[in-house]
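The next block holds one structure in the form of structure tokens; read it before the comments.
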Amino acid sequence: MSGIPALLALLAGISIFTGPVRAESLIISLSSPHVAITSTYIGTDLVIFGVIGRDQASATRSEHYDIVVSARGPRRHMVVREKASFGPFWVNQHDQKFTFVPVTMAVASNRPLDEITSPDMQSRYQLGLNSAIITKDRRDDHFAQALIRIKERDKLYDYLPHHVEFITPNVFKAVIPVPARAPIGLYDVEVALLSDSVRLASQSTHFEVIKIGFEQDVAEAARLHGWLYGFAALLMAGLFGWLATIIFRRD
Amino acid sequence: MMEFYLPIAELPVNIWLIVGMSAVVGFISGLFGVGGGFLITPLLIFLGIPPAVAVASVSTQIAASSLTALIAYWKRRALDIKLGMVLLSGSSIGTVGGVITFNALRRVGQLDLTIGVSYVLLLGSIGILMLYESLKAVRAGRSGIALKRSRIGNHPWYFGLPLRMRFPASGLYISAIPLLVMSLIIGFFGALLGIGGGFMIVPALIYLFRVPTMMVVGTSMFQILFSMSGATMLHATTNHSVDFVLALFLIVGGVFGAQFGARAGRHLKGEQFRLLLALIVLAVAFRFLGDLILKPEDVFSLSASVHTIAGAGQ
């Protein structure tokens, strides 16, 4: 994705960046506010640029900055089921429901999360793939871990340490993958600035995954004109069924 | 790149993979007069297509391929429309019951198990029966002994139940009640398993009702064409899960495959035909049996919650 215009716009924005800030602040900009799904869509990357603003108090600080970018897709309720042997058969026996789980999630950082801050702080700051599951649903960690593992296997969840790159000590760039099976809807992007395992600032933005052109037309027709759509599908079926007999008529 | 993004299934698929797969299944479908749904639906779900979309789009494809095959059988007069109509009325009622059961099982989380066990039991028992019978027929044919043909006076008891009807095309004069009961049961399992049910109708007509083998396929196609057209409309108007593009790819592969299959079927002898179908049915049964008794790679599985969070489902 072309991130250069976004970067330029962002750098231009710094000059007018004034106001009463007490410590580090964060400005972020996404390469595009939407991802358009066309017939050839097989997944894409979005680029996020960010600038760390420092005031007099923090300017003298010489710590190392850490950035964690979390992109969360639309949320759905899900069920994790566990099979156990029942006689000779493997049968679903236990299950747990999870509410408002993001269908997709990508977590990018400049170095592994465990090096940035402790597991306790990670969960307090909602960093990492574990934050996909809200605490009240975490009765049995087995199921929560299975959910995240299955999501990672299906390439819907992605943990990307080293995917945030510092261009200068104060300017960074992160690449957020949008998977091929990303659902339509609004995605939240949250950027956290940390230093010495403490969060200094955070900022969020959104992007939207939408269908356009043919994909949108078909989806809308299916949703709004069910009868007509079904009839058209049958007409197509009939046409091809009949056409095949014409093409194959040799005798 | 031959990837195409499916607008309803909401994922990219490889066009050639889908077309090729449906051509192979279409060939089998045209050859045996089965819809082929019991083969292609599990394959699509395996590719990651949501089950609801797979079932709905396959029903559109089966409508197309059964029409192609039906035209071919129609031309050879290998079709009993009256018998087809009786079967259709029974299976329509069974379908409604199947859909209701499907939704209930999905809520309880035991749909996979039910589908697995049903496939194993249905396909396994039908496959073994057919294999046994056709091997006997093949062996008898080879040794030159003519098998005893069923004649009047040698009919099973259910032929003589009330509501007897004449089916001149098949040379039958039997009660409509067993036909309706059978098609109702088949309609029920067809809807429950997301398949047309042709693989059950064909052997049932041959073994239980002694419909001539060459009449069976066309008649089964007739019933399948109408029930799958109905299913397409039902899915399109209620859960909007028919994927036009997926159906198109499936149809292009399927109709041509079915056309070749119907031609190849002409050169097959009845007992060879039954032996081959038995082997295919058994192979699918074994696959499902394996899923049930082998330790799964991951004992955990993830699915969308059917209930809304307020528990307001239904």
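Quick note on labels: first sequence line is chain A, next is B, and so on, each numbered from 1.
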Study note, to complete from the structure: The interface call for Leu228(A) against chain B, heavy-atom contacts under 4.5 Å, is neither

Exercise for review: State which residue, out of Leu147(A), Val80(A), Asn92(A), fulfils the side chain to side chain contact (heavy atoms under 4.5 Å, CB included) condition with Phe300(B).
Suggested key: Val80(A)

Review point. Do Glu3(B) and Thr40(A) come close enough that some side-chain heavy atom pair is under 4.5 Å?
Key: no

Practice item. Below 4.5 Å from any heavy atom of chain B, which atoms of Ala221(A) appear? Answer side chain, backbone, both or neither. Key: neither

Revision key, fill the gap. Bottom line for Val117(B): the part with an atom under 4.5 Å from chain A's heavy atoms is neither

Exercise for review: Would you mind checking which part of Arg76(A) comes under 4.5 Å of any heavy atom in chain B, side chain (CB onward), backbone (N, CA, C, O), both or neither?
Suggested key: neither

Check your understanding: Has Arg76(B) got more than 12 heavy atoms of other residues, nucleotides or ligands less than 6.0 Å from its CZ?
Key -> yes

Check your understanding: Picking from Gly43(A), Ala180(A), Gly87(A), Gly241(A), which has the most non-hydrogen pairs under 4.5 angstrom with chain B?
Key -> Gly241(A)

Practice item. Could you pull out the closest heavy-atom pair between Ile251(B) and Ala237(A), with the gap in Å? Key: CD1-CA, 3.8 Å

Point to revise | Residue pair Tyr5(B), Ile42(A): steps toward the side chain to side chain contact (heavy atoms under 4.5 Å, CB included) verdict | key: CA-CA 7 Å; Tyr5(B) 190 90; Ile42(A) 50 163; over 6 Å; no

Review point. When you look at CZ of Arg111(A), are more than 12 heavy atoms from neighbouring residues, nucleotides or ligands closer to it than 6.0 Å?
Key: yes

**Study point:** Interface moiety of Leu225(B) toward chain A, non-hydrogen atoms closer than 4.5 Å
**Key:** neither

Review point. Less than 4.5 Å apart, any side-chain heavy atom of Lys83(A) and any of Lys295(B)?
Key: no

Exercise for review: Taking all heavy atoms of Gly230(A) and all of Thr232(B), pick out the closest pair and write down the distance.
Suggested key: O-CG2, 4.2 Å

Study note, to complete from the structure: One option among Leu292(B), Val255(B), Leu11(B), Leu67(B) has the most heavy-atom pairs under 4.5 Å with chain A, and it is Leu292(B)

Point to revise | Interchain contact, Ser85(A) with chain B, by part (heavy-atom threshold 4.5 Å) | key: neither

Exercise for review: Might you point out which heavy atoms bring Arg81(A) and Ser303(B) nearest each other, and give the distance in Å?
Suggested key: NH1-OG, 3.1 Å

Review point. Looking at Phe89(A), Phe231(A), Trp227(A), Tyr41(A), which has the largest count of heavy-atom pairs under 4.5 Å with chain B?
Key: Trp227(A)

Practice item. Count the heavy-atom pairs under 4.5 Å between each of Asp217(A), Leu243(A), Ile37(A), Asp95(A) and chain B, then report the option with the highest count. Key: Ile37(A)

Exercise for review: List the atom of Ala233(A), the atom of Val242(B), and the distance in Å for their closest heavy-atom pair.
Suggested key: CB-CG1, 4.3 Å

Point to revise | Residue among Ala146(A), Ala84(A), Ala182(A) with most heavy-atom pairs under 4.5 Å to chain B | key: Ala146(A)

Point to revise | Rounded distance (nearest 0.5 Å) linking atom CG of Leu235(A) with atom OG1 of Thr60(B) | key: 12.5 Å

Check your understanding: Between the side chain of Tyr229(A) and the main-chain N/O of Phe244(B), is any donor-acceptor distance below 3.5 Å?
Key -> yes

Practice item. Of all the heavy-atom pairs spanning Leu6(B) and Glu215(A), show the shortest one and how long it is. Key: C-OE1, 3.7 Å

Point to revise | side chain to side chain contact (heavy atoms under 4.5 Å, CB included) evaluation trace for Phe240(A) with Gln61(B) | key: CA-CA 10 Å; Phe240(A) 272 89; Gln61(B) 183 224 346; over 6 Å; no

Study note, to complete from the structure: Cut-off 4.5 Å, heavy atoms of chain B, and the answer for Phe214(A) is side chain

Check your understanding: Which of the residues Asp243(B), Leu250(B), Thr237(B) is involved in the greatest number of heavy-atom pairs with chain A at under 4.5 angstrom?
Key -> Thr237(B)

Check your understanding: Considering all heavy atoms of both residues, which atom of Ala219(A) and which atom of Pro7(B) are nearest to each other, and what is their separation?
Key -> CB-O, 4.3 Å

Check your understanding: Do Arg149(A) and Asp298(B) sit within salt-bridge range, that is, some charged N less than 4.0 Å from a carboxylate O?
Key -> yes

Exercise for review: Tell me, out of Ala72(B), Gly48(B), Ala63(B), Gly254(B), who's got the most heavy-atom pairs with chain A below 4.5 Å.
Suggested key: Gly48(B)

Point to revise | Proximity breakdown for Leu294(B) and chain A, heavy-atom pairs closer than 4.5 Å | key: backbone

Check your understanding: Side chains of Ile293(B) and Trp90(A): closer than 4.5 Å at any heavy-atom pair?
Key -> no

